[in-house]
S.K.: 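Sending over a structure as C-alpha cells; questions will come in a sec.
Any value given below was found using the heavy atoms of this structure, including those in side chains, with hydrogens, waters and symmetry copies removed. Labels below follow one simple rule: chain letters A, B, ... track the order of the sequence lines, proteins then strands, and each chain is numbered from 1.
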Protein chains: 2
Amino acid sequence: MAGLAPARHDEETGGRLLGIGAAAQRLGVSERALRYYQQIGLIVPASTTPGGLRRYSESDVARVERIVELKTLLGLNLDEIALVLRNEDRIAQIRLTYHDERTSEDERRQLTRECLALQEDLRATVEVKRAALDAFLADLNARISRARALLADHDH
Amino acid sequence: MAGLAPARHDEETGGRLLGIGAAAQRLGVSERALRYYQQIGLIVPASTTPGGLRRYSESDVARVERIVELKTLLGLNLDEIALVLRNEDRIAQIRLTYHDERTSEDERRQLTRECLALQEDLRATVEVKRAALDAFLADLNARISRARALLADHDH
DNA sequence: ACGGATCTTAACGTCAACGTCAGGTTTGGG
DNA sequence: CCCAAACCTGACGTTGACGTTAAGATCCGT
C-alpha cells in the first residue's frame, strides 16, 4: 500500500469536507483564487452539494498547498504548475494501473519508466535552480565578509 | 557631477559603450524593459549622447544581469529589487569614500553596520528559500527512488 | 419553514511589467 | 551632405492572477 502517499480516493473522505470559506482560510488563499484554480483546471473539489456548493477534501487542500508551494518556491506560473500537477496525476494513475491484474509486465515497465522520466525532468530544473541559489548565496556571503572586514578594520 | 543615484566609476569605460539595441540583445531583454527599468529608477545608462541616446557600459550590463537574476531566481518584484540594489549601491559608495576625510569614524561604522544588517537580512530570506528548495528536492528524490525500486523489482 | 451566514455565477476592475504602435530625432557610413 | 538604421518620447494595449461588487441561490440551526 501507499505509505505516506496521498493516494486517497474520495471514497475515503469520511465526510470531513470543507466549504470554500473554511478551505480558503486554512490555506491562506482567497475564495476567488480557489474558484480561479478550478476554472483553469488546476483542481476540482472532491464533491459538490446538490445545490452546487463546492466541498473540499483534505487531499484537495493538500493539492492547493502544493500549488502554492510550486508558485512561491519555484516561481512557476499557473500554466507550468498545471503541467507539473498533470505529471503527478499521471504518476498516480500509473501506480494504480500498475497493480491491476490486467496490466502486462512490459506495460508496467514502460509506465514506470515514463513516470521516472517525468520526475527526473522536474528534478533537473529544480537542481538548476538550487545551484543558482547556492551561487547567489556564496556571492552574498562574500559581500558580507567584506563588509565585516571593513567593520573590523575600523574597530582596529 | 551627477552624483545622485548611480555611484559607478566609469572612467575606464574605454569607449566600449552599447546602444540600447545591442545591450538588450546581449542581455536577452527587450529595449522597452531597459527603458522601463530606467523609468522606475533601477538603472541609469553610463552616458547619453548629446542627442539623448542611451549608452550602456559593461557595469550597466552587469547591473541589469543582477536585476534579472533577482527577478527569476528569488522571485522579487521590481520594487524589492530596487531596495536590494540601492543597498548595494550604498555599500559601494561607502567603499569609495572610505578614505574620505570628511566622513567621521562614527559615521562610517554606522553606515557599514546598517548595510551589513541589510545584507544579512537578504541572506536570511535567501537561506529560507534554499532550505525549502532542499526539502522539495529531498521529497522529489524520495519519489524517484521509489519509482526506481519498482523498476528494479520488476527487472529482477 | 425561516432567516442569516455562506455560497453561486457573471461581469467588470486592478496592478505590475512590460508590448506595441505613432510620429519625430539622432547617428554613422558612404 | 544624405539617408537608412537606430533611437527617442508619449500614449494606449495586453496578460496573468486574481479583487470586487451585484444579484440572487443554498444551507443549516432553531
S.K.: A:Gln38 CD to C:dT9 C1': how many Å, rounded?
M.R.: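 These atoms are roughly 12 Å apart.
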S.K.: Quickly work out the B:Leu70 CG to C:dA16 C1' distance and round it to whole Å.
M.R.: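 So the two atoms are 17 Å apart, to the nearest Å.
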S.K.: Out of C:dC18, D:dC8, C:dC7, which has the shortest distance to the side chain of B:Tyr36?
M.R.: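 The answer is C:dC18, which lies nearest to the side chain.
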S.K.: Return the nearest nucleotide to the side chain of B:Ser30; candidates are D:dC27, D:dC18, C:dC18.
M.R.: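 When the side chain of B:Ser30 is considered, C:dC18 is the closest of D:dC27, D:dC18, C:dC18.
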S.K.: Using 4.0 Å as the upper bound for N to carboxylate O, is an ion pair formed by B:Arg26 and B:Glu58?
M.R.: yes
S.K.: Tell me the interatomic distance from B:Glu31, atom CD, to D:dC8, atom P, rounded to whole angstroms.
M.R.: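 So the CD-P distance, B:Glu31 to D:dC8, works out to 7 Å.
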S.K.: Here's a test of your reading of the structure: between A:Arg32 and A:Gly52, which maps to the more 5' nucleotide of DNA chain C?
M.R.: A:Gly52
S.K.: Write down the distance between OH (A:Tyr56) and C1' (C:dC7), rounded to a whole number of angstrom.
M.R.: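 Those two atoms, OH and C1', are 11 Å apart.
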S.K.: Going by an N to O cut-off under 4.0 Å, is there a salt bridge joining A:Arg109 and A:Asp106?
M.R.: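 Looking at A:Arg109 and A:Asp106, the cut-off is met.
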S.K.: Given that B:Asp79 and B:Arg55 both sit by DNA chain C, which one's nearest nucleotide is further toward the 5' end?
M.R.: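 Of the two residues, B:Asp79 wins.
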S.K.: How is B:Arg35 classified with respect to the nucleic acid when contacts are heavy atoms under 4.0 Å: base, sugar-phosphate, or nothing?
M.R.: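 Touches a base.
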S.K.: Among D:dC8, C:dA17, C:dT8, find the nucleotide with the atom closest to the side chain of B:Asn77.
M.R.: C:dA17
S.K.: Separation of B:Ile20 atom CD1 from C:dT26 atom P, in whole Å?
M.R.: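 Going from CD1 in B:Ile20 over to P in C:dT26 covers 17 Å.
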S.K.: What integer distance in Å separates A:Glu80:CD from D:dA17:C1'?
M.R.: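 Roughly 14 Å, once rounded to whole Å.
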S.K.: From the options C:dT26, C:dT8, D:dA17, select the nucleotide whose nearest atom is closest to the side chain of A:Leu78.
M.R.: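 Nearest to the side-chain atoms of A:Leu78, counting from C-beta on, is D:dA17.
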S.K.: Rounding to an integer number of Å, can you tell me how far B:Ile40 CD1 sits from C:dC18 P?
M.R.: 8 Å
